[in-house]
Amino acid sequence: MTNRVVLAYSGGLDTSVAIPYLGEMIEGDVVAVALDLGQGGEDMESVRQRALGCGAVESIVIDAKDEFAEQYCVPAIKANALYQGEYPLVSAISRPLIVKHLVKAAQEHGGTHVAHGCTGKGNDQVRFEVGFLNQDPDLEIVAPARDFAWTRDKAIAYAEGKDLPIEQSAASPFSIDQNVWGRAVETGFLEDLWNPPTKDLYSYTEDPALGNAPDEVIISFESGVPVAIDGRQVSVLEAIEELNRRAGAQGIGRLDMVEDRLVGIKSREVYEAPGALTLITAHKALEDVTVERELARYKRLIEARWSEEVYDGLWFGPLKRSLDAFIDSTQEHVTGDIRMVLHGGRATVNGRRSNHSLYDFNLATYDTGDTFDQTLAKGFVRLHGLSSQIANKRDREAGK
C-alpha cells in the first residue's frame, strides 16, 4: 500500500516545504488540509492552490469558522478560560479542531500518516499528537521540523532549490499563529525579555493611546452563550468578529507575558485577543450577578484547571470532559445583559441586568427600607471567627 501523509497545512513556509520533503522521506503522497478559523489575511483558495503547486496530490480547505466559534470558543467563554490568569488559549483551543478534521481526512483519503509543522520546543506538538493518539492511534505521526531537525534556514534553501511557489525570507523572524479568537506572536527580538514589542507586531488592535472616542456596547448572553450585541441577534462567530473590530479599535486585548510551557521552559509571548477578552470580561461580570457565592468560588478553581488541561493538549481527556459537564451545569442562570465601555485599552463594565439576578436591592441598600436584619450580624461574626479565636488563645498561652 502506498503511504499517504495527511498534513496540517497553514500555507506558510514550514508546511509548504514539508509537502515535497515528506513525499521524499515517507515515499508517498501528501494530502494538505487547511482550516479557515477566521484568521483573515490570505484568501483560502490561494492557500489551497499553493499546496497543489508544492506537490500535494489533494488540497482540502475546510470552512470551520462557525464550528470553531460554537464548539471551541463557547466552552472557553463559559470557563472564563485564561491560562496563568492571562492567556485566552488562542492556539490551544484550535488544535483539537484541526486534529478532528485531519483524522477525518485521513479516514476518507486513505491516510497512513498524519503530520504537523511543530518543533520540539513548543506546546502544539503535544496538542496535535495527543489528539491524534486519542482519535486514531493507528495513524503514524511525523513532524518534519522536529523529527528531521528542519530549521528555518534549511527550509528557505530547500524552497529555493525546489522553486516552490512561496514568498518567504529570513527577514521575517516571527512565528505567528492567528484565528478569530486571537493572534499569537513569538520568537525574533521578543526572545530578549527586555525588548518591548514594536507597533508593527500588532494587527488585530490599534494603539490604545490613539485616543479614539469611547465605544459603549451591550452584550447579551443566554446560558453563558453570547447571543446579541446592542440588542441585535448575532451568531457566536459574529459576536467575536464584531468585538474584534470594536474592542480592537480601542487597543483592548494586548498581552505581553512570559508563559510556562508544557515542555518545561519559559517563553515570551505577545498576544492580541480583543473579542475574546471582552467576551470573557462580560461573561465573568454576568456570573458575578447570577451564580451563587459558593458555586462561584469553586468554579474559579475549575476554570484554572480547565485552562491547564486545554493548554496541555488534553482536550479529549476524561477530566476535561467532566470539567465541561460541571461548567455547563453552572451556566443555567447566566442569562442577561452586560453594558461595557470600550476605551483606552480597557473593557470596563458599567451596567448589569438579568431576570436571574441574585442581587437584592432591598438587602444591599444602606438607605431606609433596608430589609437586612443587622441584629443577626453580631452572633454570626462571633461564630465565624470562633475556631481561629480558640487557636489563637492556645498559642498565646503557649507563649507563641
Side-chain angles (χ1 to χ4, degrees), residues 37-41 65-66 68-69 73-74 76-77 80-82 85-90 174 176-185 190 196-222 224-257 269-290 334-354 357 359:
L37 300 177
Q39 57 265 41
K65 295 190 293 293
D66 282 298
F68 179 54
C73 297
V74 164
I77 294 169
N80 299 319
L82 298 172
E86 295 186 82
Y87 167 46
L89 301 172
V90 168
F174 300 113
I176 299 173
D177 180 54
Q178 62 190 47
N179 55 54
V180 74
W181 196 235
R183 184 169 179 267
V185 184
L190 294 174
T198 54
K199 62 181 180 180
D200 60 314
L201 246 67
Y202 298 105
S203 174
Y204 284 14
T205 58
E206 294 184 18
D207 186 343
L210 285 177
N212 291 332
D215 182 4
E216 188 172 84
V217 62
I218 297 174
I219 304 173
S220 302
F221 293 85
E222 289 183 6
V225 180
V227 294
I229 302 289
D230 293 330
R232 175 174 39 83
Q233 295 294 308
V234 293
S235 68
V236 178
L237 177 63
E238 289 168 342
I240 300 169
E241 289 176 334
E242 179 168 341
L243 292 170
N244 274 341
R245 291 191 298 272
R246 293 172 65 175
Q250 299 289 339
I252 294 166
R254 292 185 174 187
L255 298 171
D256 179 354
M257 62 182 291
E269 311 281 341
V270 171
Y271 295 109
E272 297 178 279
L277 290 176
T278 301
L279 282 167
I280 289 173
T281 300
H283 179 262
K284 288 171 73 173
L286 186 57
E287 284 191 330
D288 289 344
V289 175
T290 58
V334 186
T335 296
D337 307 313
I338 294 295
R339 189 177 63 230
M340 314 176 80
V341 174
L342 312 177
H343 184 59
R346 298 187 63 186
T348 304
V349 174
N350 69 358
R352 310 148 180 87
R353 64 186 177 195
S354 171
S357 174
Y359 178 85

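Below, all heavy atoms of this structure are taken into account, side chains as well, without hydrogens, waters or symmetry copies.
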Problem set entry | Phe68: ring pair (Phe, Tyr, Trp, His ring centres under 6.0 Å) partners, not counting sequence neighbours | none
For this session: Go through the structure and list residues passing salt bridge (charged side-chain N to carboxylate O under 4.0 Å, His left out) with Arg245, not counting sequence neighbours.
Result: none
Exercise. Is it true that atom CZ of Arg346 has more than 12 heavy atoms of other residues, nucleotides or ligands lying nearer than 6.0 Å?
Worked result: no
For this session: Not counting sequence neighbours, which residues clear side-chain contact (heavy atoms from CB on, under 4.5 Å) with Pro214? List them please.
Result: Val341, His343
For this session: Any salt bridge (charged side-chain N to carboxylate O under 4.0 Å, His left out) involving residues 271-285? Give me the pairs, sequence neighbours left out, ordered by first then second residue.
Result: Arg183-Glu272
Exercise. What residues, two or more places apart in sequence or in another chain, satisfy salt bridge (charged side-chain N to carboxylate O under 4.0 Å, His left out) together with Glu269?
Worked result: Arg261
Exercise. OG1/Thr281 to CG/Leu342 distance, rounded to the nearest 0.5 angstrom?
Worked result: 10.0 Å
Exercise. Taking only residues two or more places apart in sequence or in another chain, which ones pass ring pair (Phe, Tyr, Trp, His ring centres under 6.0 Å) with Tyr87?
Worked result: Tyr271
Exercise. Any side-chain heavy atom of Arg246 sitting closer than 4.5 Å to one from Ile229?
Worked result: yes
Exercise. With Asp256, which residues qualify under side chain to side chain donor-acceptor pair (under 3.5 Å), at least two apart?
Worked result: Arg268
Problem set entry | Sequence-distant partners of Glu287, side chain to side chain donor-acceptor pair (under 3.5 Å), two or more places apart | Asn80, Lys299, Gln331
Problem set entry | Residues forming a side chain to side chain donor-acceptor pair (under 3.5 Å) with Asn212, sequence neighbours excluded | Glu206
Exercise. Knowing that exactly one of Thr348, Ile218, Ile219 qualifies, which makes a side-chain contact (heavy atoms from CB on, under 4.5 Å) with Met340?
Worked result: Ile219
Seminar exercise, completed: Residues at least two apart in sequence or cross-chain that pass salt bridge (charged side-chain N to carboxylate O under 4.0 Å, His left out) with Lys65, listed by chain then number, are Asp36, Asp63
For this session: Start with the C-alpha distance between Arg232 and Glu242, add both sets of side-chain angles, then the distance that settles salt bridge (charged side-chain N to carboxylate O under 4.0 Å, His left out), and finish with yes or no.
Result: CA-CA 12 Å; Arg232 175 174 39 83; Glu242 179 168 341; 2.7 Å; yes
For this session: Could you list the residues that satisfy side chain to side chain donor-acceptor pair (under 3.5 Å) with Ser220, not counting sequence neighbours?
Result: Asp337
For this session: Apply salt bridge (charged side-chain N to carboxylate O under 4.0 Å, His left out) to Arg339 and list each qualifying residue two or more places apart in sequence or on a separate chain.
Result: Glu216
